[in-house]
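To start, the structure itself, in structure tokens.
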Amino acid sequence: MGTEPQLQALISNSLGVCRVIALAGPYTNPTGSVQLLALSSSGRLMRVNLPQGSEKGILSRLSSSLAGQRVKDLLASIGNVWERAESLKQKLQEKNESLKQLNQVLNICSLLLESNGKEKQSNMDTKPLISCHGAARWSSLLQKTSLTLTCVLENSSGCTLEHGWTLCFQVHSFYQHPNTESASSSYSFPLRKLDSGQKLDVTIPLESNGGLFLPVKVCCSLSFSLCALFGPEASSPGVFQLLKEAGSISATLNTLTVDWLDALRLEGSFSPNDIRCNTVSEGIQAFLRSRGVSTKHLDNISNPGPVAVVVSVSIELLKSKLHLSTTSSLESSMSVLNWLVSPEKIGSVKSPVVNAYSPDGCSVKIMAKEVTLGDFYSEGPLEALEIRVESSSVAAVCGLHHAILRRLLDLLRDSSAQYSHTRNLKAQSLCEAVRHVESLYKDLQDAQNKAALGGEMKTSQRSDVLFHIFQELRTNPLVIL
């Protein structure tokens, strides 16, 4: 019978024997192997053959130095495998972070594209989740006054604008002087981190090539550099070069227009010291010189006085579009002037006459009053609001006239305020207005034809014709219904 330690040793899968309860003494067969007889707990008799090892097969014991070296080699191999595993783990984490960042970038682009699509379809005043709005302000630096645009980037979405995003501005002038190379400028502001609910204020200059050419269109956009997804050390040179060549993802935020109304300085907020204002004759000379026409014959032309333009708008149209609830003509005039001059500060205009200064320092007067136009409708007269601009600067008058018409055009395009008139126009008054405009157009064509055919029309005569057409078009305008 085997002893208890022998039984414990035999209960092992290495010998292929399990649950042995009795063991007979070993004996050696002629082949040299050792045989054992064993009885299992189930009553089965088994014979176990144990090969007898030769003395040649006994391995010699390793020396302590060699054993230590092998242990060192094994530990070094384990360390190398661990370092490779950590490196792969770090790369996997970086790729996961890059994928999360790319997913967030695509979500932000989707929000911007969706808000732009809704704005184009509805023209409603719904504020987008990521918006950029601005206001023109005059600032002084080193005794120099310049017009700047302060823009506010507001993040109301659930996403974070992280490293890699850049706020970009493209400033384009509608007017370009012939002596200037380009009237376009670009500005960019890299973002560090703009969480949800935070705002970022930036200021950009509106002057280009040493001058201010209004109106100015400012295109605001957000751009994301694809190189920010993988740094040069975190990716292969080929991948980084591919991302660098791919450029960036850009989405438009808003397009702002800064015109002469935005650049006005109200009386009392600015002192025009030592600023030279262009008179009417000087404005005409500057216009002709910009077209390559000699103006040496115009040096002795006297100043004809201030220039005025008039814009007439139906008072019913303004009340409907601007949601005016006032019944007094004085309050209606002040509300419209407030909407034109300072829409951000409601109630800042206290008079139907606004005295201000143009960007070139000339005095400007903007007036509004209600007038009654007879023989306009078949049912009766038309109540209209007459907006009048006066200044000795031709550039200021033209710029303000263009700015007022642009605001009225945007107001007419606004589909959120519906307005329709059902009254019948008198054909006679409409035909007279059309004939008047056609006669002015014919005078302009005659002047252009004489100049093109090499006629002997003097420069002074040509300027008189242009100034006459200018005054007729702006002092006797058509009524905006």
Side-chain angles (χ1 to χ4, degrees), residues 90-135 149-172 184-204 206 216-258 410 413-416:
Q90 183 179 0
K91 288 183 177 180
L92 184 61
Q93 290 178 350
E94 291 175 351
K95 290 182 178 180
N96 288 335
E97 291 296 327
S98 299
L99 289 177
K100 288 172 60 179
Q101 189 176 9
L102 180 60
N103 182 49
Q104 193 171 31
V105 168
L106 295 179
N107 288 335
I108 293 174
C109 292
S110 177
L111 287 176
L112 295 175
L113 293 176
E114 183 180 358
S115 61
N116 289 336
K118 289 182 178 179
E119 183 179 357
K120 290 181 180 180
Q121 291 177 2
S122 61
N123 287 328
M124 296 182 67
D125 295 332
T126 54
K127 187 177 181 181
L129 297 178
I130 301 177
S131 61
C132 182
H133 53 90
L149 182 67
T150 301
C151 298
V152 180
L153 176 63
E154 187 172 355
N155 182 16
S156 301
S157 67
C159 304
T160 302
L161 298 176
E162 297 179 341
H163 170 72
W165 284 101
T166 303
L167 180 60
C168 304
F169 297 95
Q170 290 281 341
V171 182
H172 305 276
S184 177
S185 305
S186 300
Y187 305 95
S188 59
F189 300 89
L191 304 180
R192 293 184 178 179
K193 188 177 183 182
L194 190 67
D195 292 324
S196 177
Q198 290 184 342
K199 298 179 182 181
L200 175 67
D201 296 355
V202 296
T203 301
I204 60 174
L206 294 178
V216 172
K217 183 174 69 173
V218 181
C219 300
C220 314
S221 62
L222 275 176
S223 177
F224 182 82
S225 176
L226 295 177
C227 295
L229 294 174
F230 298 98
E233 68 282 350
S235 61
S236 61
V239 174
F240 184 75
Q241 184 65 25
L242 179 63
L243 294 174
K244 187 176 181 180
E245 294 176 356
S248 60
I249 301 175
S250 182
T252 303
L253 285 174
N254 193 10
T255 300
L256 308 173
T257 301
V258 180
D410 292 340
R413 289 174 178 171
D414 185 10
S415 61
S416 61

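Treat the numbers as computed from the prediction; the structure is a model and nothing was measured. Quick note: residue numbers are just sequence positions, from 1.
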query: Which value, rounded to the nearest 0.5 Å, describes the distance between N96 atom CG and K91 atom NZ?
result: 14.5 Å
- line: Given the options V202, I204, V216, L149 meets side-chain contact (heavy atoms from CB on, under 4.5 Å) only with I204
task: Measure the CD-OG1 distance between Q101 and T160 for me, rounded to the nearest 0.5 Å.
output: 11.0 Å
- prompt: Out of curiosity, R192 CZ to L200 CG, how far, rounded to the nearest 0.5 Å?
  reply: 11.0 Å
message: Nearest 0.5 angstrom please: N155 CG to I108 CD1, how far?
response: 7.0 Å
message: So if I apply the side-chain contact (heavy atoms from CB on, under 4.5 Å) rule between I130 and each of S157, S196, C159, which one comes out positive?
response: S157
message: Testing the basics here: between K193 and Q198, what is the closest heavy-atom pair and its distance to 0.1 Å?
response: O-OE1, 3.8 Å
- prompt: Taking the side chain as C-beta and beyond, is there a heavy-atom pair between F169 and C132 under 4.5 Å?
  reply: yes
query: Rounded to the nearest 0.5 Å, what separation is found between the CG atom of L129 and the CG atom of L112?
result: 9.0 Å
- prompt: If you take all heavy atoms of L256 and C220, which pair is closest and at what distance?
  reply: CD1-SG, 4.1 Å
message: Tell me whether N103 contacts the main-chain N or O of L99 through its side chain, where contact means a donor paired with an acceptor under 3.5 Å.
response: no
- request: Determine yes or no for a side-chain-to-main-chain donor-acceptor pair under 3.5 angstrom, with Q170 supplying the side chain and S221 the backbone.
  value: no
field: S110 side-chain N/O to L106 backbone N/O, donor-acceptor pair under 3.5 Å
entry: no
- prompt: Rounded to the nearest 0.5 Å, what separation is found between the NE2 atom of H133 and the OG1 atom of T150?
  reply: 11.5 Å
task: Classify the angle between the aromatic ring planes of F224 and W165 as parallel (below 30°), tilted (30 to 60°) or perpendicular (above 60°).
output: tilted
message: So L161 and L167, do their side chains get closer than 4.5 Å, heavy atoms only?
response: no
